[in-house]
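A short worksheet on the structure shown next.
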Amino acid sequence: MNVNQSAPPLPPFGQSQPVYPGYHPSSYGGQPGSTAPPTPYGAYNGPVPGYQQTPPPGVSRAPPSSEAPPASTAQAPSGQAAYGQFGQGDVQNGPSSTVQMQRFPGSQPFGSVPLAPVVSQPTVLQPYGPPPTSAQVTAQLAGMQISGAVAPALPPVGLGYGPPTSLASASGSFPNSGLYGSYPQGQAPPLSQAQGHLGAQPPQRSAPPQASSFTSPASGGPRMPSMTGPLLSGQGFGGPSLSQPNHVSSPPPQALPPGTQMTGPPGPPPPMHSSQQPGYQLQQNGSFGPARAPQPNYGSSYPGAPTFGSQPGPPQPLPPKRLDPDAIPSPIQVIEDDRNNRGSEPFVTGVRGQVPPLVTTNFLVKDQGNASPRYIRCTSYNIPCTSDMAKQAQVPLAAVIKPLARLPPEEASPYVVDHGESGPLRCNRCKAYMCPFMQFVEGGRRFQCCFCSCINDVPPQYFQHLDHTGKRVDAYDRPELSLGSYEFLATVDYCKNNKFPSPPAFIFMIDVSYNAIRSGLVRLLCEELKSLLDFLPREGGAEESAIRVGFVTYNKVLHFYNVKSSLAQPQMMVVSDVADMFVPLLDGFLVNVSESRAVITSLLDQIPEMFADTRETETVFAPVIQAGMEALKAAECAGKLFLFHTSLPIAEAPGKLKNRDDRKLINTDKEKTLFQPQTGAYQTLAKECVAQGCCVDLFLFPNQYVDVATLSVVPQLTGGSVYKYACFQVENDQERFLSDLRRDVQKVVGFDAVMRVRTSTGIRAVDFFGAFYMSNTTDVELAGLDGDKTVTVEFKHDDRLNEESGALLQCALLYTSCAGQRRLRIHNLALNCCTQLADLYRNCETDTLINYMAKFAYRGVLNSPVKTVRDTLITQCAQILACYRKNCASPSSAGQLILPECMKLLPVYLNCVLKSDVLQPGAEVTTDDRAYVRQLVTSMDVAETNVFFYPRLLPLTKSPIESATEPPAVRASEERLSNGDIYLLENGLNLFLWVGASVQQGVVQSLFSVSSFSQITSGLSVLPVLDNPLSKKVRSLIDSLRAQRSRYMKLIVVKQEDKLEMLFKHFLVEDKSLSGGASYVDFLCHMHKEIRQLLS
Ligand SMILES: [Zn+2]
């Protein structure tokens, strides 16, 4: 049997293993004997002579919360400082008007010849001639509404936007509450003419990435502009910082015939060019242009094929030009192209250094020797051979690892390999685990370690002959010799205290103070738990979960419950000495659900009644965690605490907190204190929890500031999760809370875990980001790790790499399964190494880069002023792009912005990170919101950061109702909204349904069961269940979006020009934000300026 060809899907950690000779299936699941040396973890963590590296001076590898300030290395060149002002709207920012952006050499007058010059590799953003005035650009932007080939109905002019008052309550439960408080006067939305925008194909990511080499459409060649001309000076749509003396793709001066200027945003549609350009269709991606011809890659098809309006012939008369947002790289286009190019074929992992499809592409993975991108994604799949090269490029070398990622049903879970008493085979020196890259020599009697080159003996029981190519003849029968990911059953050597672990336990710890009772939370939760306990995680095939459960309630004191099956009624034991927490009972506290069901049900019935009349408003917090941890310790097991907590713990007890929220600290050097815990007590407590394998999940229900930055320390350091439901009310929030709770309780978790990333000689892991604890520089300790959590690891050179041998990563996760089995999960990944920078830039993955950069920045705010963090990001991005420009791009004029194909979205995505609530909060974003988002992002995988920073915006009525597929997204900008349409916007945490003011009455009726737009309830969170195709389609789409995300997204219906719309607009990330965040166009101009400064 060849596992590569016919690996059948198995249940997670499946019991039924395929028959592999030599696997010892008989002993699988059993407890191997314990004849091995009794060194707990010794084999795993022990010193590794000659291999274990020490961090270089200055590289801190302490836990993230105590990390040295990574972002404080303010290496920003002098030009950097200007950016903050740029973002704040200083007209002096952005490229100055004296910086001439020049025409691409050899390119034709804009729009006149439909041929794009092709240069090697780069995406070229072609600027044109002297820029128009800032007002012109502003107006052009304003006119960039995109909604149809003819101008659709526009929002009524002059309706304006209501005062941004009292929005907070409507958005109370949103982590990213909006920016409504400071909505500037006079900032009318860009309501000007919707244009049939006759653009070129937006830039594409072609497949394979290595093959992409073209001049971006933005270089101007074939692009046909559509606006008749810029607005008159001074008629921009407001916003102080829209000055853009220089910008990409601005029209050449000769293309601005006088007399074609528009009269202003509310004016009539400009003359269209439809007569000159027949055949333009609305594209599926929401942009306009010719119907998409097959474009296998730009290299071949670009120069001649897309002729934009089917007029390859003589140059057309020059229409007036406008700044064209479609001329700058579009995330939507890149995502769609990758789906089209790479979504149909499985991604086979047999080849070293392959860049996987984007996270937004649906694809299947076939493991042929490297870990699936679902487990590991890298910023680059081709690493510079030398550290000098790496320093020059400034491209972070990082891997985003999700060791327990859930797989789609079509893909097999990792096979479990049982080597019996001898345990997994490892290199004697570096302790790397047997993997497909180990080289067997001397007829199979020895193997050379692929990580440290040590020659090891093959144990007799593992011996096998080699074939004529030097490969073991059983290679394809053994997962550890043929697959990128697999598991080993661990022997007792890998167990704490040299004892196999007991099954884990879950302890539910419920705040029963006044707020919790009054909001209905306690009653709701107790009712839910009665049924939820039947769905505790199980091993594949097991009839019932091995996990035991316990219950605690608390306010200023703690109440433990004896729910032993032999009792007729539960018994309560009160511990009021919270300063010296102990567990008052052992027997009967942690029980099997089915055995104690009657007593548990009785308890859950009684809890809401017992505290119904409570007047206790104060709570403790640290003693609750302490109690849960002590209970697990007493039971000698790992486990998870589920804390349901409502308020700032001000009661006299360890970990007592005070309200130290102070928004005045924002934009000061002390802003970082808002992200830091206010006491060290929680770090100490977290450390004890980690030692016990006690993971803490925290559900917060605050009505006001609760100091999330401090309360989330223990969940963060124990691999747990934090959920936050501000101003919780049962009727509004129960669906979201219960959905999150169900998912959280049911998800498979590895307990008491240690993760180690080994690398081949030349690079090593130097920095780690995520929810975990580190007591040394190499081992990532996770009290718990679930299938949603990622650890981002950064690598640095410590020697020269070799192009021939490449670079190897091996991530080993030792953990206790839900059933109490000790296992090792191994992921291997081989990367290429290069001596040419171009190879690095051709094999990068921007989504992963952004994941790393966001985590780096979000950790940086703990120690550095936020402005420093932002400047550091901008500098790094500019250095990356400048290095490309200098070393890889074809010679061209300095006026061109040239982006590497794989990184052409880096500016737009980085700008989204820079303007996120953590780095640039709006007036209404609370300190708790920022702390919450900060710790959430720390554990996000690449797909999550991608949609979190650049939300998905889906038009609902553009595609046929009967279409089963998701509608194609449009760019996250107000210009893309048609007031005759309805859109869904989601970012993984929030979900909006935006309704245009001119949407057809039939659509309104079908979706909302009301007769007109004005009757739609703003802020609605549930759509009526109506029996018509549109209603069904939209509701099923909402269900499908929710199913794709790890947290339930509560729906908010937003009506155009309603007050709530400000909240929604916060997520239109290509636009300038109310908190001062730059628009995409502005930021790209700024980035161009930065790059030019670096190059000059
Ligand atoms: Zn080795």
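The chain is numbered in sequence order, starting from 1. Model, not experiment: these values are computed from the prediction. Numbering of ligands and ligand atoms starts at 1, following listing order.
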Are the aromatic rings of Phe795 and His797 close, with centres under 6.0 Å apart?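 Ring-ring flag for Phe795/His797: false, centres at least 6.0 Å apart.
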Less than 6.0 angstrom separating the ring centers of Phe769 and Tyr852, yes or no? yes
Salt-bridge present (Arg823, Glu539; N to O < 4.0 Å):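 Salt bridge present between Arg823 and Glu539.
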Got a salt bridge between Arg406 and Asp788, using NZ or NE/NH1/NH2 to carboxylate O under 4.0 Å? yes
Does Cys452 bring an N, O or S atom to within less than 2.8 Å of the Zn ion (ligand 1)? yes
Mind checking whether the Zn ion (ligand 1) has an N, O or S of Cys430 under 2.8 Å? yes
SG (Cys449) - the Zn ion (ligand 1) - SG (Cys427) angle, nearest 10°: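 Rounded to 10°, it measures 110°.
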